[in-house]
Amino acid sequence: MTAARRAVRALTAALTALLLTAGPSAPFAAAAGGDAPTVIADGDAPTVIADGHVDLGPRFDQGRWTIGIRDDSGTAPGGTAPVWRDPDHVVLQAVDAAVVTVPPDPAFAFLGSPGAKVWLLPQVQQRGVLWPGWNSQDPSVVHTLDREVTWQLESVRGPGRFTLFLNGSFGTPEPVFDSTRPLPQETGIETNSHVHGNWAFTAPGSYRLGIRMTARTLDGQSHDARTTLHFSVGAQDPLPALPAAQDTPARSARSARPTGRTGWVPWASGGAAAAVLAAGAAVVLVRRRGRGTGSD
């Protein structure tokens with residue numbers, strides 16, 4: 001066993017012990033509440049979100065199955081109530097404060113060569129870095145779906161590799177999506193669950209992730225929706241990540257101080273929230289599935 005693997009195992013054991021002795025920290029408890037009052041963003045002005053908590057998720061909007069971004073970052077004018085936003089008008093920004101280096105552990109070779117830079121939006125909340133997750137907790141979903149949502153990654157466009165992975169048992173990474181593999185790829189999201197993972201990008205620039213979510217309601221009806229997630233990675237102007245937003249002022253923006261960091265334990269902070277997420281997160285359920293054979 002390598003020294004790096006022993007260190008990760010020791011860290012995970014410590015976080016597991018913390019999970020058994022402490023409740024979730026305030027940021028996690030607030031983020032995990034699916035029944036908190038929400039508002040619907042009006043208009044189509046672009047919004048750049050570079051810090052705080054957001055979740056991707058399905059919901060029924062006046063009976064129509066849609067995919068939205070539930071914004072808990074506090075960017076809403078006049079308050080901090082969660083806001084459902086249209087992904088077509090949102091840029092999710094990974095600033096340079098999100099930079100980590102690939103560790104020497106072979107388990108992380110899918111991120112690149114040891115020492116290479118990766119922009120990582122981590123599974124555990126870190127101050128100054130966007131904390132994106134996904135959930136199926138909207139009341140319109142919880143009370144109507146039959147068991148789960150199927151989430152597919154259909155396309156990836158960008159200057160580098162994109163990987164979404166979870167911190168598995170003993171620190172072993174568990175890829176959910178990987179842009180170097182055939183597309184589409186899919187995973188299942190259990191109803192009334194809230195999940196966070198590590199969103200990794202290997203090069204700066206704009207990325208567009210084409211996604212699809214399908215589900216069946218208790219009345220036997222099938223529902224299907226597609227959207228595109230827009231990411232801006234690095235220190236460039238984030239607005240060009242939206243094709244039609246270059247000449248439109250952003251409605252609101254939060255940006256972190258662009259200070260890079262090194263090392264590899266991005267989930268080793270955040271108190272009990274870190275323990276909940278890094279130790280396997282008993283409060284969330286996600287199932288990886290076989291990859292498709294198509295390609296973008």
Side-chain angles (χ1 to χ4, degrees), residues 34 54-61 63-70 84-92 94 110-111 121 123 130 132-138 140-142 144-168 173-202 206-218 220-231 233 241-243 281 284-296:
V54 298
D55 275 331
L56 174 71
R59 58 187 298 272
F60 286 99
D61 181 7
R64 183 173 63 92
W65 177 255
T66 64
I67 303 171
I69 292 176
R70 187 176 187 270
W84 278 104
R85 300 190 186 277
D86 183 343
D88 285 340
H89 307 303
V90 175
V91 179
L92 302 174
F110 64 92
L111 293 175
L121 301 177
Q123 182 167 329
L130 183 63
W134 56 99
N135 81 57
S136 56
Q137 293 183 306
D138 188 80
S140 68
V141 169
V142 171
T144 60
L145 287 198
D146 180 12
R147 188 167 175 243
E148 71 171 13
V149 177
T150 296
W151 176 19
Q152 289 187 327
L153 177 68
E154 296 191 310
S155 64
V156 177
R157 296 176 176 84
R161 178 177 185 173
F162 162 70
T163 307
L164 175 61
F165 68 96
L166 303 175
N167 303 329
E174 298 180 355
V176 178
F177 297 136
D178 185 336
S179 66
T180 66
R181 297 179 180 177
L183 298 172
Q185 300 164 20
E186 71 178 41
T187 187
I189 309 172
E190 296 289 343
T191 303
N192 198 21
S193 65
H194 177 214
V195 186
H196 278 268
N198 301 287
W199 305 66
F201 303 87
T202 61
S206 296
Y207 291 76
R208 299 177 64 192
L209 310 183
I211 65 169
R212 177 185 185 185
M213 287 188 176
T214 60
R216 184 180 296 273
T217 43
L218 292 170
Q221 297 295 313
S222 295
H223 302 274
D224 191 336
R226 287 180 167 88
T227 194
T228 300
L229 300 181
H230 303 271
F231 286 86
V233 176
L242 293 176
V284 301
L285 296 170
V286 63
R287 185 175 73 253
R288 290 178 296 150
R289 297 178 175 173
R291 268 59 178 176
T293 57
S295 60
D296 180 27

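Numbers here are sequence positions counted from 1.
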* **Partners passing side-chain contact (heavy atoms from CB on, under 4.5 Å) against Ser206 (at least two apart in sequence or in another chain)** => Ala241
* Evaluate the criterion ring-ring contact (aromatic ring centres under 6.0 Å, His included) for residue pair Trp199 and Phe231; output intermediate values, then yes/no. => CA-CA 10 Å; Trp199 305 66; Phe231 286 86; 5.7 Å; yes
* To do: Inspect the contact between Asp138 and Arg70 and indicate whether a charged nitrogen and a carboxylate oxygen are less than 4.0 angstrom apart.
  => no
* To do: With side-chain hydrogen bond (donor to acceptor under 3.5 Å, both in side chains) as the test, would you mind laying out the steps for Arg161 and Thr180 before giving the verdict?
  => CA-CA 7 Å; Arg161 178 177 185 173; Thr180 66; 3.3 Å; yes
* Structure fact -> Output for pair (Arg226 CZ, Ile211 CD1), nearest 0.5 Å, gives 11.0 Å
* **Contacts of Phe60 that satisfy ring pair (Phe, Tyr, Trp, His ring centres under 6.0 Å) - sequence neighbours left out** => Trp65, His223
* To do: Taking Gln152 for its side chain and Thr187 for its backbone only, find out whether a donor-acceptor pair lies under 3.5 Å.
  => no
* Partners meeting side-chain hydrogen bond (donor to acceptor under 3.5 Å, both in side chains) with Arg212 (sequence neighbours left out) -> Asp224
* Side chain proximity check, Arg85 to Val54, heavy atoms < 4.5 angstrom -> no
* Assess the pair Phe165 and Phe110: is the distance between their ring centroids shorter than 6.0 Å? => yes
* Test salt bridge (Lys or Arg N to Asp or Glu O under 4.0 Å) applied to Arg208 - qualifying residues, sequence neighbours left out -> none
* **Results of ring pair (Phe, Tyr, Trp, His ring centres under 6.0 Å) for Tyr207 - residues two or more places apart only** => Phe201
* Structure fact -> All heavy atoms of Thr191 vs all of Val141, minimum pair found to be CG2-O, 4.1 Å
* **Minimum heavy-atom distance Ala225-Thr66, with the two atoms named** => CB-CA, 4.3 Å
* **Leu153 side, atom CG; Leu209 side, atom CG - distance, nearest 0.5 Å** => 6.0 Å
* Would you sort out whether Leu218 and Leu145 count as a side chain to side chain contact (heavy atoms under 4.5 Å, CB included), showing the intermediate values? => CA-CA 6 Å; Leu218 292 170; Leu145 287 198; over 6 Å; no
* Would a distance-only check, ignoring hydrogens and angles, find a side-chain to backbone donor-acceptor pair under 3.5 Å from Ser136 to Glu190? -> yes
* Taking Asp55 for the side chain and Trp134 for the main chain, is one N or O donor matched with an acceptor at less than 3.5 Å? -> yes
* Quick one: pull up CG in Asn167 and CD in Gln123 and give me the separation to the nearest 0.5 Å. => 4.0 Å
* Asked: What are the two closest heavy atoms between Pro87 and Ile67, and how far apart are they?
  -> CD-O, 3.4 Å
* To do: Evaluate the side chain to side chain contact (heavy atoms under 4.5 Å, CB included) criterion for residues Leu166 and His196: first the C-alpha distance (whole Å), next the side-chain angles of each, then the deciding distance (0.1 Å), finally the verdict.
  => CA-CA 8 Å; Leu166 303 175; His196 278 268; over 6 Å; no
* **Atom pair CD (Glu154) and OG1 (Thr228), whose distance is rounded to the nearest 0.5 Å** => 9.5 Å
* Report the C-alpha distance between Asn198 and Leu164 in whole Å, list the side-chain angles of each, state the deciding distance to 0.1 Å, and finish with yes or no for side chain to side chain contact (heavy atoms under 4.5 Å, CB included). => CA-CA 5 Å; Asn198 301 287; Leu164 175 61; 5.7 Å; no
* Heavy-atom closest contact (Leu242 atom, Val90 atom, distance) -> CD2-O, 3.7 Å
* **Donor on one side chain, acceptor on other, Ser140 and Arg59, under 3.5 Å** => no
* Structure fact -> Residue set satisfying side-chain contact (heavy atoms from CB on, under 4.5 Å) with Asp88, at least two apart, ordered chain then number -> Asp86, Thr227, His230
